Amino acid sequence: SGGRADLTGLSGEKYRYLRQVTINFLEAPEGRQHELWAPIAAVLELTPDEVESIGTARHAHRPCSLALLSELMSDPTALAHTHPHTHAALAATADGARAVAGLTA
């Protein structure tokens with residue numbers, strides 16, 4: 001019932017809200033997850049350092065899709081900063097293609 005603390009230490013109302021926002025977060029497309037992250041962080045009372053650390057980790061582990069690649073094409077250095085492993089793999093592929101074609105970098 002609302003107002004009663006449960007095992008999490010949250011009131012029943014806060015627990016239900018956190019539960020629903022978390023479900024929405026997990027079901028949401030990647031582009032919408034950012035707006036759902038703030039209420040989760042608020043209910044969990046995360047520190048600014050925790051929010052920044054989680055945000056950095058989520059960004060670093062963000063999947064690299066064709067849509068993201070096309071978005072990043074406006075800044076050729078962006079991929080190196082946002083997805084260094086993908087950038088390295090693409091650079092190696094490009095280097096291999098140049099070598100096969102007899103071109104130099």
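As the structure is a prediction and not an experimental result, all values here were calculated from the model.
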### Query
Going through the distances and angles, do Thr22 and Ile40 end up as a side-chain contact (heavy atoms from CB on, under 4.5 Å)?
CA-CA 7 Å; Thr22 301; Ile40 293 171; 4.1 Å; yes
When rounded to the nearest 0.5 angstrom, what distance separates [atom1] in [X] from [atom2] in [Y]?
| X | Y | atom1 | atom2 | value |
| --- | --- | --- | --- | --- |
| Leu36 | Glu27 | CG | CD | 10.5 Å |
| Asn24 | Gln33 | CG | CD | 11.0 Å |
| Gln20 | Tyr15 | CD | OH | 11.5 Å |
| Glu50 | Leu44 | CD | CG | 9.0 Å |
| Ile54 | Leu46 | CD1 | CG | 5.0 Å |
| Glu13 | Leu18 | CD | CG | 12.5 Å |

### Message
For the CD atom on Glu52, are there more than 12 heavy atoms of other groups (residues, nucleotides or ligands in this structure) within a distance under 6.0 Å?
### Response
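Atom CD in Glu52 is not packed in, count stays at 12 or less.
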### Task
Answer yes or no: is there a donor N or O on one side and an acceptor on the other, between the side chain of Arg16 and the main chain of Gly12, under 3.5 Å?
yes
### Message
Donor-acceptor check, side chain of Ser53 to backbone of Asp49, threshold 3.5 angstrom: yes or no?
### Response
no
### Query
Is there a side-chain contact between Pro39 and Phe25 (heavy atoms, below 4.5 Å)?
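Of all side-chain heavy-atom pairs linking Phe25 with Pro39, none is under 4.5 Å.
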